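Got a structure for you, written out below as structure tokens; questions coming shortly.
Treat the numbers as computed from the prediction; the structure is a model and nothing was measured. Labels below follow one simple rule: chain letters A, B, ... track the order of the sequence lines, proteins then strands, and each chain is numbered from 1. Values below: all heavy atoms of this structure, side chains included; hydrogens, waters and symmetry mates excluded.
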There are 2 protein chains.
Amino acid sequence: MSEILDLKRLHVDRPLTLIGMEDEVDRLVAAWRRERPDLDVEPLEVLSRVSRLARHLDRARRLAFSEHGLEPWEFDVLTSLRRAGAPYQLSPGQLLTQTLVTSGTMTNRIDRLAKKGLVERLPDPSDRRGVLVRLTPEGRDRADEALAGLLAQERAILAQLSQAQRGDLAGLLRQLTAPFDNIPG
Amino acid sequence: MSEILDLKRLHVDRPLTLIGMEDEVDRLVAAWRRERPDLDVEPLEVLSRVSRLARHLDRARRLAFSEHGLEPWEFDVLTSLRRAGAPYQLSPGQLLTQTLVTSGTMTNRIDRLAKKGLVERLPDPSDRRGVLVRLTPEGRDRADEALAGLLAQERAILAQLSQAQRGDLAGLLRQLTAPFDNIPG
DNA sequence: AAAATATATCTCGACGTCAAGATTCACGGT
DNA sequence: ACCGTGAATCTTGACGTCGAGATATATTTT
């Protein structure tokens, strides 16, 4: 492979902010432009990077959480409850919208967390169809520990960017996520 | 809920680029600052948005692809081969690094795509351990159709941003993905 | 008050993924 | 030629997710 040539071409076409590195999406886009010069594949520059980065983050998180004996899905549920504030309880339906999973999945997750003693299920006093899921003290501690570990890891990943760049990036991403989060989705 | 109050506070704290909308991550970060004022949760502003946006994109893509009778995982494999150029063939190992799945998963995917007649498995003439996966003509057509559909959908999502903003966003994301893509990962 | 519709949660079977191990073959050193 | 190490792919069993449907209770309509 002519890595060096590719990098040269890259820096001529599109000078990067500082001195940037090529990534897989650069290679992917270059391949499409070669194979399908009739198409405008610019959207991939943004959205393929989002998907691939998310995949990498999933793997990194799995590693970080395993040091605290938690799976990513467990972290998602426990921290949703933790964020709700005392008495740390939410309905399964509220948990659905926060974690973007289906109802069958959430039932299953609650079952397993309850078996591990990290949450407990209580009847909803105001709606007999409903249930409230409450964090146990141990569940709360585990969530807090894992959060600290996650933040440390994420800070390391974000060290690539300046403070201002992180702010810009957050703002741009918000513009893309807001329609999904506010309209039905 | 005091939606209106929250929005006011938001615009005072952190004026958005133009007039932006709140998203789920804004709510998530606000909740953490309330529950854990001792922690700096700024990293979540970026990386939680990446993960959530990826989840939304997965759902949107599933919908777009279903119009062409493809699953997202099928698209990933077929387009990897399509991008390779004629004769549209790669080893399973090369497909692994492009799609970020494990070898067992890839074996399974190739099996199912072969059963559907979209790819075929050939022995690698230069390495008897190896296999080459080749796109069939039908597989190639399906990949091209689905790509066009995907690009249309992604353009709609990205209409939220100006041309310049899309460029900025791509550049910032590249800085985060490059370490994963270049170092072992 | 009864009927129709909507909501909250759970059940269940199919499916895709992963991780670890097994197999088969390649390659360098001796 | 032989041996050991590493590489490429496949096999297997456990696991988590999804989606459709079932059940029970709320809410709205007539």
Side-chain angles (χ1 to χ4, degrees), chain A residues 51 54-56 58-63 65-66 69-78 80 89-116 118-134 184-185, chain B residues 51 54-56 58-63 65-66 69-78 80 89-116 118-134 184-185:
Chain A
S51 292
R55 203 114 173 74
H56 287 303
D58 275 349
R59 292 182 165 190
R61 277 198 265 258
R62 186 182 313 275
L63 244 157
F65 291 146
S66 69
L70 284 183
E71 299 292 324
W73 64 263
E74 296 178 296
F75 178 83
D76 282 345
V77 177
L78 296 180
S80 291
Q89 58 188 23
L90 291 173
S91 71
Q94 291 173 306
L95 287 170
L96 288 193
T97 68
Q98 295 219 6
T99 53
L100 298 180
V101 298
T102 60
S103 65
T105 297
M106 186 52 68
T107 297
N108 189 14
R109 287 183 174 188
I110 295 167
D111 286 347
R112 285 172 281 157
L113 286 170
K115 208 169 298 176
K116 287 180 70 171
L118 303 180
V119 307
E120 54 190 344
R121 239 190 275 249
L122 309 171
D124 182 337
S126 69
D127 184 339
R128 263 181 303 184
R129 295 168 305 179
V131 168
L132 289 177
V133 182
R134 174 146 65 185
Chain B
S51 292
R55 202 113 175 74
H56 286 304
D58 275 349
R59 294 183 164 188
R61 278 199 263 258
R62 186 181 310 276
L63 243 157
F65 292 146
S66 70
L70 285 182
E71 299 292 322
W73 64 263
E74 296 178 296
F75 178 84
D76 283 345
V77 177
L78 296 180
S80 291
Q89 58 188 22
L90 291 172
S91 71
Q94 292 174 305
L95 287 170
L96 289 192
T97 67
Q98 296 218 6
T99 53
L100 298 180
V101 297
T102 60
S103 67
T105 298
M106 186 52 68
T107 298
N108 189 13
R109 287 183 174 188
I110 296 167
D111 286 347
R112 285 173 280 156
L113 286 170
K115 207 168 297 176
K116 286 179 71 170
L118 302 180
V119 307
E120 54 190 344
R121 238 190 276 250
L122 308 171
D124 182 337
S126 68
D127 183 339
R128 262 180 305 182
R129 294 169 305 179
V131 168
L132 289 176
V133 182
R134 175 146 65 187

Checklist line | Nearest-Å distance for atom pair CG/C1', residues L122(A) and dT9(C) | finding: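 Rounded to the whole Å, the gap is 15 Å.
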
(request) Using the test side chain to side chain contact (heavy atoms under 4.5 Å, CB included), find all partners of L63(B) that sit at least two apart in sequence or belong to another chain. (result)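 Per chain and number, L63(B) pairs via side chain to side chain contact (heavy atoms under 4.5 Å, CB included) with no residue.
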
Test of understanding: with side chain to side chain contact (heavy atoms under 4.5 Å, CB included), list the residues that count as partners of T107(A), not counting sequence neighbours.
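For T107(A), the residues satisfying side chain to side chain contact (heavy atoms under 4.5 Å, CB included) (neighbours in sequence not counted) are D111(A).
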
query: In whole Å, what is the span from the NZ atom of K116(B) to the C1' atom of dG16(C)?
result: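 Rounded to the whole Å, the gap is 14 Å.
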
Distance in angstrom units between D111(B) CG and dT9(D) P, rounded
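In whole Å, dT9(D) P lies 13 Å from D111(B) CG.
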
Taking N or O atoms only and anything under 3.5 Å, show me the protein contacts with nucleotides 3-8 of chain C, one pair per line.
unit_1	atom_1	unit_2	atom_2	d
dT7(C)	O2	R129(A)	NH1	2.6

message = Applying salt bridge (charged side-chain N to carboxylate O under 4.0 Å, His left out), can you list everything that pairs with R112(A), at least two apart in sequence or on another chain?
response =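 Counting only residues at least two positions away or on another chain, R112(A) forms no salt bridge (charged side-chain N to carboxylate O under 4.0 Å, His left out).
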
**Prompt:** Does S51(A) have any side chain to side chain contact (heavy atoms under 4.5 Å, CB included) partners at least two apart in sequence or in another chain, and if so, which?
**Reply:**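 Here the qualifying residues are L57(B), R61(B).
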
Scoring nucleotides 14-19 of chain D by protein non-hydrogen atoms under 4.0 Å (B base, S sugar-phosphate only, - none) yields --SBBB

R128(B) CZ to dC27(C) C1', straight-line distance once rounded to whole Å:
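The answer, rounded to whole Å, is 14 Å.
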
Legend entry - Below 4.0 Å: OP1/OP2 of dC10(D) and any side-chain N or O of R121(B):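 Looking at the OP1 and OP2 atoms of dC10(D), one of them is under 4.0 Å from a side-chain N or O of R121(B).
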
Fill in: Side-chain heavy-atom pair I110(A), V131(A) within 4.5 angstrom cut-off
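The answer is no; the side chains never approach within 4.5 Å.
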
(request) Rounded off to whole Å, could you give me the CD-to-P distance for the Q94(B) and dA7(D) pair? (result)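 So the two atoms are 16 Å apart, to the nearest Å.
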
inquiry  = Applying salt bridge (charged side-chain N to carboxylate O under 4.0 Å, His left out), can you list everything that pairs with D127(A), at least two apart in sequence or on another chain?
reply    =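 Residues passing salt bridge (charged side-chain N to carboxylate O under 4.0 Å, His left out) with D127(A): R129(A).
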
I need the CE-P distance between M106(B) and dC10(D), as an integer number of Å.
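Rounding to the nearest Å, CE of M106(B) and P of dC10(D) are 11 Å apart.
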
Could you tell me the separation between the CG atom of L96(B) and the P atom of dC18(C), rounded to a whole number of Å?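 Checked: the CG to P distance equals 10 Å.
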
Q) What residues, two or more places apart in sequence or in another chain, satisfy salt bridge (charged side-chain N to carboxylate O under 4.0 Å, His left out) together with D124(B)? A)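 Testing D124(B) for salt bridge (charged side-chain N to carboxylate O under 4.0 Å, His left out), a comparison that skips the adjacent residues, returns none.
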
Self-check item: Exceeds 12 heavy-atom contacts within 6.0 angstrom, atom CZ of R128(B)
Solution: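 Counting other residues, nucleotides and ligands, CZ of R128(B) stays at 12 neighbours or fewer.
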
Interatomic distance, L90(A) CG vs dT9(C) C1' [rounded to whole Å]
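Rounding to the nearest Å, CG of L90(A) and C1' of dT9(C) are 15 Å apart.
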
Can you sort out the partners of A54(A) under side chain to side chain contact (heavy atoms under 4.5 Å, CB included), two or more places apart, ordered by chain and number?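 Testing A54(A) for side chain to side chain contact (heavy atoms under 4.5 Å, CB included), a comparison that skips the adjacent residues, returns V50(B), A54(B).
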
